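Keep in mind the model is a prediction, meaning the values are calculated, not measured. In listed order, ligands and their atoms are each counted from 1.
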Amino acid sequence: MRIDILTLFPQMFQVPFSAGIFKRAIDHKLVSINLHNIRDYTHDKHHTADDYPYGGGPGMVLKPEPIFEAVEAIKSDISAKEEVRALPIILLTPQGRLFSQQIAQELAKYSHLILICGHYEGVDERVREHLATDEISIGDYVLTGGELPAMVVIDTVVRLLPGVLGSEASPVNDSHANGLLEYPQYTRPAEYRGWSVPEVLTSGNHAQIAKWHREQTIQRTLERRPELLDKTNLCLEEKQLVERLTPPLKQS
Ligand code: SAH
């Protein structure tokens, strides 16, 4: 996957992409990250990328011209017409659709993404209207810029690409991958400060372990995020488990 990021602060991306799983993914050419400084696409002496908002109000707004030109430069770099047509151009904004594991799975299917990071008061509305094909928010709160949201989106998507995690199976059971929360995980020692690992996990009985995992997944989700269960397709066995674990309604 190729990812192009438009930002006023490319240096912010250096550390997160230079360590751990992400670095390995880049080294193994599973993903390539291209950083574009929006300022490089300005034409005036002072490299002005922002300006005062029309109609007044506080703060500065990112100008449309350098953002349009940066995206056009990236597109002209791509030879296949189909790829250009299908290329998601994602504007990070607190007004976008709320990011989720499902959206990450959707984005992981593309071979190329462009992300636009706003800053200050935001981005000229014409970028949203006539350039972006998607708008994503990472939550109902406001950050100073789109850089951290872009990192959140990229990290979540890249983690899903085949070969990025050590074991292909690892993302499948993750919390939210199938609408449910993951079961609790333990590692050695089997006993720590008197707290033992659940016996079934050290039993070596794979069928029992799988059953425990399924039960824990349902129980956790029921306790912490019951609304997720309503949105998930459960098999009969799982539905029965939910019924068994749901506390009876109190008689009034
Ligand atoms: N005035 C804008 C917020 C600007 S915040 C408004 O009220 O809608 C500055 C920039 O930070 C935005 O352009 C966006 O790129 C980024 N940003 C802030 N919060 C975000 C969030 N929750 N999700 C995604 N991007 C966000």
| query | What atoms in ligand 1 come closer than 4.0 Å to a heavy atom of Gly146? | reply | 11 (O), 15 (O), 16 (C)
| query | Any nitrogen or oxygen of Gly122, main chain or side chain, under 3.5 Å from a nitrogen or oxygen of ligand 1? | reply | no
| Lys/Arg-Asp/Glu bridge criterion (N-O < 4.0 Å) met for Glu182, Arg220 | no
| request: Nearest heavy atom to atom 18 (C) of ligand 1 wins, so pick from Leu143, Asp140, Thr144, Val127. | output: Leu143
| field | Sub-4.0 Å atoms of ligand 1 with respect to non-hydrogen atoms of Gly118 | value | 10 (C), 13 (O), 15 (O)
| Phe68 and His130: aromatic ring centres closer than 6.0 Å? | no
| note | Ranked by distance from atom 2 (C) of ligand 1, the top protein heavy atom is Glu121 O, 3.3 Å
| query | What is the closest protein heavy atom to atom 25 (N) of ligand 1, and at what distance does it sit? | reply | Thr93 N, 3.3 Å
| remark: At under 4.0 Å between heavy atoms, what of Leu92 touches ligand 1? The answer is both
| query | Which distance, rounded to the nearest 0.5 Å, do you find between the CG of Leu98 and the CD1 of Ile138? | reply | 9.5 Å
| field | Structural part of Ile136 in contact with ligand 1, heavy atom criterion under 4.0 angstrom | value | backbone
| task | Would you check if Ser196 and Glu191 make a side-chain contact, meaning some heavy-atom pair closer than 4.5 Å? | result | yes
| query | Do you see a donor-acceptor pair shorter than 3.5 Å between the side chains of Glu223 and Gln219? | reply | yes
| message | Taking Asp155 first and then Arg159, would you say they form a salt bridge - that is, a charged N and a carboxylate O separated by under 4.0 Å? | response | no
| request: Taking only heavy atoms of Pro149 into account, list the atoms of ligand 1 that are under 4.0 Å away from them. | output: 24 (C), 25 (N), 26 (C)
| task | If you have a sec, work out which protein heavy atom is nearest atom 8 (O) of ligand 1 and how many Å separate them, to one decimal? | result | Gln95 NE2, 2.8 Å
| request: State, without any angle test, whether Glu69 and His43 hold a side-chain donor-acceptor pair at a distance under 3.5 Å. | output: yes
| request: Output yes when Asp4 and Lys75 qualify as a salt bridge under the 4.0 Å nitrogen-oxygen rule, no when they do not. | output: no
| query | Closest non-hydrogen protein atom to atom 17 (N) of ligand 1, residue and atom name please, with distance? | reply | Pro94 CD, 3.7 Å
| Just distances here: any N/O of Ile116 and N/O of ligand 1 closer than 3.5 Å? | no
| field | Heavy atom of the protein closest to atom 23 (N) of ligand 1 (residue, atom name, distance) | value | Ile138 N, 3.1 Å
| query | Between Glu227 and Arg225, does at least one N-O distance fall below 4.0 Å, as a salt bridge requires? | reply | yes
| request: For Tyr120, take its heavy atoms, then give the atoms of ligand 1 lying under 4.0 Å from any of them. | output: 4 (C), 5 (S), 9 (C)
| note | shortest atom 22 (N) of ligand 1-to-protein heavy-atom contact is with Tyr141 O, 2.8 Å
| message | Between Thr7 and Glu147, do the side chains contain a donor N or O and an acceptor N or O under 3.5 Å apart? | response | yes
